[in-house]
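It should be emphasised that the depicted structure is a prediction, and the values quoted were computed from it without experimental measurement.
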Amino acid sequence: MAKKGKITVKLDLPKDDTTLTKLYAILFVSIFLGLCAGTVWATNSGFIPTTNGEPMFTNLYCGVTAQDSQGNSMGQEFSTNIQPDYAANESCSILQDAPDRVTWEDEEWKSVSKRGKNFDVPGVDPTATGGQTVLQPLWVNCSVNADTPTDYIVAIRSQDGEIMATHDGTTDTDNDPTNDGCGIEMGNIPPDNRYEFLVYSLEEGKYLSVVQFEMTVHYFDGIPSNMNNMSFWIGPEVEMGPVSIRPLIFLNFFGLMFFFLLYPASFYWERVQEAQNEVEEKFPDFLRDLAEYWKGGLSMTVAVQTLATSEYGALNNEVKKMSDQLSWGIKFSDVIKQFADRVGTPLVQRAIALIAEADRAGGKISDILVTAANDSRELKFLEGERRRAIGSYIAVIWTSYFVFLGVIVTLAVVFIPAIAGSNSSGEGGGDSGGQTIGNMTIRNIDPLFFLTVFYYGVTMQAVGNGTMAGLMSTGRFTTGFKHSGMMILVALVVFNFLAFTPNLIGVTEVPGLNPSSGTYVPSPLYLGG
């Protein structure tokens with residue numbers, strides 16, 4: 001018995017178009033993210049005043065989450081008209097004061113009998129903490145070497161002569177700094193000036209050949225680590241190699257608000273339009289070939305099925321679908337109408353409507369196909385000419401935006417700090433400070449205020465320039481919003497890496513230990529013999 005053959009029928013049935021569904025989903029998510037970013041920005045920007053002078057964002061968050069060490073709620077501290085004190089800030093996870101590392105490094109002394117240097121220890125003023133003690137640990141790592149084993153002592157002494165910490169040891173002779181374990185560790189060193197770091201040889205007539213050490217202190221300034229000295233939210237610091245940025249600074253959320261509202265949906269819709277444009281680019285070639293096959297005596301059904309094996313780029317799938325539908329016995333007029341509905345562009349729908357009417361009326365369809373092909377080709381040519389003609393204007397818009405951005409960043413990074421520094425060094429000016437020239441007083445300026453205004457200006461410039469560029473290019477707002485989103489993204493990157501520097505966003509400069517440049521010879525009597 002002969003083996004039965006297997007019949008395979010490929011049904012490429014029309015599928016539901018999910019383009020609009022995806023667009024609505026993207027719109028929902030992007031609008032939600034944009035509103036969230038706008039809320040974070042507005043509640044941190046100072047445009048919404050609060051009775052205690054703190055941002056509404058921190059008042060709301062800390063009002064719910066703040067707890068003391070015993071687990072008691074301290075949220076009430078953020079709902080009064082009094083600025084929260086140090087203890088209240090420490091009770092909220094986002095307002096705790098993180099330490100900065102203050103170091104005294106690469107110090108080397110040679111031929112030491114007894115030697116010392118003064119240094120300062122910065123720290124938060126106890127009056128600013130309400131009497132709460134802030135522990136500042138100190139570490140000293142050192143190595144002491146001598147030609148012969150020699151007893152020595154390393155000490156830290158306060159300016160009133162009190163010995164704070166000591167280390168006794170005996171040198172080794174192999175110049176290995178890890179052998180003698182020289183070092184000092186203190187759980188807390190209070191902020192004060194003129195501490196003394198001392199090194200002594202305890203054996204008469206013996207010298208320490210080389211003394212090397214480094215000192216590290218954890219310094220607290222009382223300002224929450226996520227905020228600056230004017231209670232603006234600047235977020236955590238993120239190290240990126242040699243550059244550190246604060247990606248959650250409240251200003252970023254202003255740009256992110258417009259980015260989320262404008263860019264995601266417009267980017268998706270432009271991808272859809274580009275896909276349709278690629279189909280339109282090949283559509284005149286398909287109509288021309290269809291007319292040639294018709295003139296050769298083939299029916300429309302056979303002509304389409306033959307063209308399904310040709311190369312039409314983005315149109316290949318659509319031609320294959322028409323061929324499959326015709327093989328199922330569907331009328332040619334219905335097949336091309338479904339094709340026009342799937343593509344959905346005015347150019348294709350107009351040409352297909354003309355062809356369908358000619359097919360129904362029984363006229364000379366080859367002439368109609370040629371006319372439709374020529375008309376479509378002419379329209380695509382005019383669109384291309386428009387893009388080429390407008391391209392130079394688009395380049396001018398982008399160039400002007402980069403020039404504006406460069407000028408603004410230069411003003412923010414160079415000129416504003418220079419003006420602020422020159423004014424702050426002057427005398428007079430009343431409570432606001434400033435510089436007095438004759439009868440005129442130049443008031444001190446706040447760099448963060450100008451930086452904020454500059455950033456808002458650059459962002460709004462991006463929205464306006466980008467929208468105009470897109471309308472000139474294609475006549476669609478979505479194209480403009482796509483340009484705006486890219487400009488906003490450029491501004492975010494440039495400002496975060498160049499303009500949002502500590503001195504501009506109001507981050508307190510970390511003071512040093514300020515070791516004395518000279519040396520002095522301390523008296524061993526202060527060490528207790």
Side-chain angles (χ1 to χ4, degrees), residues 97-126 133-146 150-172 175-202 207-223 225 237 239 242 244 502-503 507-524 526-528:
D97 185 13
D100 289 301
R101 294 172 60 90
V102 185
T103 59
W104 176 6
E105 296 179 314
D106 301 328
E107 188 75 15
E108 181 178 284
W109 298 343
K110 296 181 178 180
S111 300
V112 177
S113 173
K114 48 185 177 180
R115 188 172 177 181
K117 270 192 177 185
N118 295 329
F119 66 95
D120 301 333
V121 174
V124 59
D125 188 345
T133 301
V134 180
L135 300 180
Q136 297 192 142
L138 173 146
W139 296 270
V140 176
N141 296 319
C142 51
S143 65
V144 181
N145 295 287
T150 305
D151 295 333
Y152 68 90
I153 186 170
V154 177
I156 294 178
R157 182 171 61 187
S158 65
Q159 61 178 331
D160 59 5
E162 178 186 357
I163 301 302
M164 308 292 293
T166 62
H167 167 77
D168 300 321
T170 302
T171 65
D172 58 75
N175 294 321
D176 185 353
T178 63
N179 286 349
D180 57 353
C182 176
I184 294 176
E185 183 174 341
M186 296 176 60
N188 178 44
I189 182 166
D192 200 359
N193 293 332
R194 307 281 45 105
Y195 283 99
E196 300 169 350
F197 180 76
L198 311 172
V199 179
Y200 284 87
S201 169
L202 296 179
Y207 285 82
L208 307 174
S209 57
V210 179
V211 178
Q212 294 176 313
F213 66 90
E214 61 180 17
M215 182 183 298
T216 302
V217 177
H218 277 185
Y219 154 72
F220 291 83
D221 60 5
I223 300 174
S225 60
E237 186 177 14
E239 300 288 342
S244 63
N503 62 317
V507 177
T508 303
E509 184 177 354
V510 178
L513 294 176
N514 303 324
S516 57
S517 57
T519 61
Y520 69 98
V521 179
S523 170
Y526 287 103
L527 288 172

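- Between the side chain of Ser244 and the backbone N or O of Glu237, no donor-acceptor pair lies under 3.5 Å.
- Nearest heavy-atom pair across Gly116 and Leu198 is CA-CD2, 4.1 Å.
- Residues Thr166 and Ala155 share a closest heavy-atom pair of CG2-CB, 3.7 Å.
- Between Ser113 and Tyr207, the shortest heavy-atom distance links the atoms CB-CE2, 3.6 Å.
- Note that CD1 of Ile184 is 10.0 Å distant from CZ of Phe213, once rounded to the nearest 0.5 Å.
- Met164 and Ser158 get closest at one heavy-atom pair: CG-N, 3.8 Å.
- Between atom OH of residue Tyr219 and atom CD1 of residue Ile189 there is a gap of 15.0 Å, rounded to the nearest 0.5 Å.
- Between Phe119 and Tyr195, the ring planes are parallel. Angles under 30° get that label, and only those over 60° would be called perpendicular.
- Distance check: Ile156 CD1 to Leu138 CG gives 4.5 Å after rounding to the nearest 0.5 Å.
- Looking at Thr171, its side chain never comes within 3.5 Å of a backbone N or O of Val144 through a donor-acceptor pair.
- Here CD of Glu214 is found 13.0 Å from CD of Glu108. Values are rounded to the nearest 0.5 Å.
- The backbone N or O of Val124 lies less than 3.5 Å from no partner atom in the side chain of Asp221, so there is not a single donor-acceptor pair.
- In this structure, Val121 and Asp192 have side chains that are not in contact, with every pair of non-hydrogen atoms separated by 4.5 Å or more.
- Applying the 6.0 Å contact sphere to CD of Glu509 captures no more than 12 heavy atoms from other residues, nucleotides or ligands.
- Val510 places a side-chain heavy atom less than 4.5 Å from the side chain of Val102.
- Listed for the Gln136 side chain is a donor-acceptor partner under 3.5 Å among the backbone atoms of Pro122.
- Minimum interatomic distance between Gly183 and Cys142 (heavy atoms only, all atoms of both residues): N-SG, 3.5 Å.
- Rounding to the nearest 0.5 Å gives a distance of 9.0 Å between CG of Asn145 and OH of Tyr152.
- Rounded to the nearest 0.5 angstrom, Arg194 CZ and Lys117 NZ are separated by 11.0 Å.
- Classified by interplanar angle (parallel below 30°, tilted 30° to 60°, perpendicular above 60°), the ring pair Trp139/His218 is perpendicular.
- A pairwise comparison of heavy atoms in Thr216 and Thr103 identifies OG1-CG2, 3.7 Å as the closest pair.
- Leu513 has its side chain out of reach of Asp120: every pair of non-hydrogen atoms, C-beta onward, lies at least 4.5 Å apart.
- Inter-residue side-chain proximity for Val154 and Phe197 is flagged as met; some heavy-atom pair is nearer than 4.5 Å.
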